[in-house]
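Right, one structure below, let's go through it.
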Amino acid sequence: MRRGAGAPESGEPPSTSIRSIGERAGQEVALRGWLYQSRSSGKVAFLLVRDGTGIIQCVVSKAEVAEEVFEAARQATQESSVVVTGLVRRDDRAPGGYELSVTDFRTYQTAEEYPISPKEHGVDFLMSHRHLWLRSRRPHAVLSIRSTVVQALRMFFEREGFVLVDAPIFTPSAPEGTTTLFETEYFGGKAYLTQSGQLYMEAAAMAFGKVYCFGPTFRAEKHKTRRHLNEFWMLEPEMAWAGLEDVIDLSERMVVDAIRAVLEKRRRELETLERDPARLEAVRAPFPRLSYDEAIRVLNERGCSIEWGADIGGDEETVLAEGSEQPLFVHRFPRELKAFYMAPDPEDARLALGVDLLAPEGYGEIVGGGVRAESLDYLDEQIRKHGLPPEPLEWYRDLRRYGSVPHAGFGLGLERLIAWLTGIDHVRETIPFPRTMNRIYP
RNA sequence: UCCUCGGUAGCUCAAUGGUAGAGCAACCGGCUGUUAACCGGUUGGUUGCAGGUUCGAGUCCUGCCCGGGGAGCCA
């Protein structure tokens with residue numbers, strides 16, 4: 001730890017973290033943190049102190065400490081930064097199982113009146129104070145799980161032999177149409193914030209075989225729903241010499257592994273969020289698979305009148321997913337519904353080799369991907385049909401000129417995955433500082 | 001862009017067209033084991049903005065602003 005202001009004073013017992021405080025039972029330790037909440041009576045004060053790793057109740061008895069220590073503890077305000085010294089004691093009355101019998105207490109900085117009280121608040125108010133809200137239990141748990149999932153995903157792709165190839169944020173054009181991109185000035189010209197690293201990953205896959213990128217993605221659509229953000233994180237693997245089954249198999253194992261990591265490392269956080277781990281333990285590969293043809297039939301059987309060729313929207317997704325605890329693959333969509341780079345199904349020319357993975361419990365599409373068109377002629381035809389300007393895609397066409405191979409990949413929406421795993425009903429709570437149509441502050 | 005709901009104290013909300021209130025927070029006091037502690041007290045308001053109807057508008061009408069949820073689109 002850095003020496004200087006707030007650093008341990010000579011004679012002070014060793015510092016510890018609240019997460020691992022059980023290892024110091026019976027010993028005297030110093031905690032550096034913030035006052036989360038306090039209650040006091042005339043002779044005893046109960047302080048909930050958090051240090052970023054956990055929360056512990058600290059008990060200050062007037063009879064056992066100096067007068068000024070008791071006063072300092074009693075007068076410390078919510079979220080003041082504090083240094084607490086005391087004896088670690090097992091106590092079943094304490095939440096967490098341990099508490100600290102305080103021997104010394106000092107306030108490092110006295111916090112002004114803290115806007116977030118222990119009582120209820122509306123989402124908009126809390127989001128306006130997101131920089132402070134991060135300290136509260138719920139966001140702390142969600143973002144801890146996010147960290148674990150990101151870590152697990154990176155390790156998963158590492159184990160699978162994928163090479164991380166970062167895609168650019170500034171891009172020269174809008175491959176899927178110009179309306180949905182954020183435009184920015186770029187040395188007198190125009191640039192757009194990336195809406196997908198996929199095209200770049202296709203280039204990288206021809207260099208490394210199996211690659212992935214993982215970074216922020218931007219969409220300028222004015223959507224305001226629980227499943228959308230204007231800035232979100234997407235993980236996009238791409239594989240050379242691969243087909244639709246490889247995409248399905250890889251995404252399935254990826255999801256199973258992310259769940260394993262959360263169940264292994266973040267039980268406590270799931271409990272804080274009142275997320276029943278049984279919902280996640282129930283998820284087992286292989287996930288059910290449904291072709292678009294079958295999905296349309298099932299939807300009509302369940303009372304949705306939807307014609308072949310129509311897109312499966314949010315309501316339809318919910319109907320398909322209901323009654324199952326498993327994520328659901330839907331594959332082989334009508335070509336007209338999908339992007340220009342999708343490969344046609346060799347067994348049915350009406351279809352494209354695409355696949356979506358729908359999360360259970362109404363969390364919607366968490367993965368979208370498929371096989372990419374490998375023939376230059378077919379690609380050019382699709383570029384024409386979609387009315388796209390060919391010049392910015394010249395480099396992409398090169399990939400079909402120089403050793404084109406069957407290749408496939410997908411995009412994973414990190415926030416949607418986290419929302420499902422945590423049981424949070426809105427993706428804006430699964431990213432530290434959400435960017436939505438009506439919010440770019442703080 | 002469209003549909004829908006909403007905007008009253010720092011926060012969460014109440015108030016039949018008739019004196020703008022409660023709980024929490026903050027502050028002061030009390031209490032030796034509290035778990036969103038409890039008890040007593042104090043402070044706290046341009047009812048989103050503009051106009052209209054009315055003896056009288058937080059409440060009714062018109063316009064605007066801001067936000068929530070949803071659609072389209074997607075991860």
- Task: Give A/Ser40 one of three labels, base, sugar-phosphate or nothing, depending on what nucleic acid heavy atoms sit under 4.0 Å from its own.
- Result: base
- Query: Should we count CD of A/Gln27 as having more than 12 external heavy atoms under 6.0 Å?
  - Reply: yes
- C1' gap between B/U43 and B/A25, integer Å: 12 Å
- Whole angstrom value for the distance that separates P of B/U32 from CD of A/Glu99: 18 Å
- Task: Select base, sugar-phosphate, or nothing to describe what A/Leu229 touches, counting heavy atoms under 4.0 Å on all strands.
- Result: base
- Message: Applying side chain to side chain donor-acceptor pair (under 3.5 Å), can you list everything that pairs with A/Arg19, at least two apart in sequence or on another chain?
- Response: A/Glu269
- State whether A/Asn438 places a side-chain N or O below 4.0 Å from either non-bridging phosphate oxygen (OP1 or OP2) of B/C66. no
- Task: Figure out the CD/C1' separation between A/Glu316 and B/C74, and round it to whole Å.
- Result: 15 Å
- Message: Nearest whole Å is fine: how far is B/C74 P from A/Lys338 NZ?
- Response: 7 Å
- Whole-Å distance separating the CG atom of A/Asp356 from the C1' atom of B/A75: 9 Å
- What orientation do A/Phe125 and A/His121 show, parallel under 30°, tilted 30 to 60°, or perpendicular over 60°? parallel
- Message: Looking at A/Gln151, I'd like to know if its CD atom is crowded, meaning that more than 12 non-hydrogen atoms belonging to other residues, nucleotides or ligands lie closer than 6.0 Å.
- Response: no
- For nucleotides B/C13 and B/G48, find the distance between their P atoms and express it as a whole number of Å. 15 Å
- Nearest-Å distance, NE2 (A/His223) to P (B/A75)? 10 Å
- Sticking with atom C1', work out how far B/A15 lies from B/G51, rounded to a whole angstrom. 25 Å
- Query: Where the side chain of A/Glu365 is concerned, which of B/A75, B/G33, B/C73 is the nearest nucleotide?
  - Reply: B/A75
- Query: Which word best sums up how the rings of A/Phe182 and A/Phe218 line up, parallel for under 30°, tilted for 30 to 60°, or perpendicular for over 60°?
  - Reply: perpendicular
- Nearest to the side chain of A/Gln57 - B/G72, B/C74, B/G33? B/G33
- Query: Hey, is A/Arg275 close enough to A/Glu361 for a salt bridge, meaning N to O under 4.0 Å?
  - Reply: yes
- Task: Starting at atom CZ of A/Arg39, determine the distance to atom C1' of B/G33, rounded to an integer number of angstrom.
- Result: 10 Å
Dump every N/O contact between nucleotides 10-14 of chain B and the protein below 3.5 Å, one line per pair.
residue: B/C11; atom: O2'; partner: A/Glu120; partner atom: O; Å: 3.0
residue: B/C11; atom: O2'; partner: A/His121; partner atom: ND1; Å: 2.5
residue: B/U12; atom: OP1; partner: A/Gly122; partner atom: N; Å: 2.9
residue: B/U12; atom: O2'; partner: A/Glu120; partner atom: OE2; Å: 3.2

- Message: Using the C1' atom as the point on both nucleotides, what is the distance between B/A14 and B/U59, in whole Å?
- Response: 13 Å
- Return the value, rounded to whole Å, for the distance between atom CD1 of A/Ile116 and atom P of B/A26. 14 Å
- Item | Pair pattern of RNA chain B in dot-bracket, where unpaired bases get dots and | marks partners in another strand, Watson-Crick or G-U under 3.5 angstrom | (((((((..((((....[..)))).(((((.......))))).....(((((..]....))))))))))))....
- Query: Should the heavy atoms of other residues, nucleotides or ligands under 6.0 Å from CD of A/Glu294 be counted, would the total exceed 12?
  - Reply: yes
- Item | Phosphate OP1/OP2 of B/G69: any A/Arg428 side-chain N/O under 4.0 Å | yes
- Task: Check whether any side-chain heavy atom of A/Glu221 lies under 4.5 Å from a side-chain heavy atom of A/His228, and answer yes or no.
- Result: no
- Answer with base, sugar-phosphate or nothing: what part of the nucleic acid does A/Lys224 contact at a heavy-atom distance below 4.0 Å? base
- Compare the ring of A/Phe46 with the six-membered ring in the base of B/G33 and state whether they stack (centres under 5.5 Å, planes under 30°). no
- Message: Measuring only the C1' atom in each nucleotide, how far is B/C66 from B/C73? A whole number of Å is fine.
- Response: 25 Å
- Task: Determine the Euclidean distance between corresponding C1' atoms of B/G6 and B/C55; express it in Å to zero decimal places.
- Result: 32 Å
- Message: Closest approach to the side chain of A/Arg416, judged atom by atom: which nucleotide of B/A71, B/A75, B/G69 is it?
- Response: B/A75
- Between B/U53 and B/U62, how far apart are the P atoms? Round to whole Å, please. 15 Å
- Task: Select one nucleotide: of B/G33, B/C74, B/G70, the one nearest the side-chain heavy atoms of A/Thr225.
- Result: B/G70
- Looking only at atom P, what distance separates B/C5 and B/A9, rounded to whole Å? 23 Å
- Task: Could you check whether A/Arg74 gets within reach of a base, just the sugar-phosphate, or nothing at all, counting any heavy atom under 4.0 Å?
- Result: nothing
- Minimum-distance nucleotide to A/Arg226 side chain [options: B/A75, B/C31, B/G69]: B/G69
- Note on the structure: In whole angstroms, the gap separating C1' of B/A25 from CG of A/Leu132 amounts to 15 Å
- What does A/Val367 touch in the nucleic acid at a heavy-atom separation under 4.0 angstrom: a base, only the sugar-phosphate, or nothing? sugar-phosphate
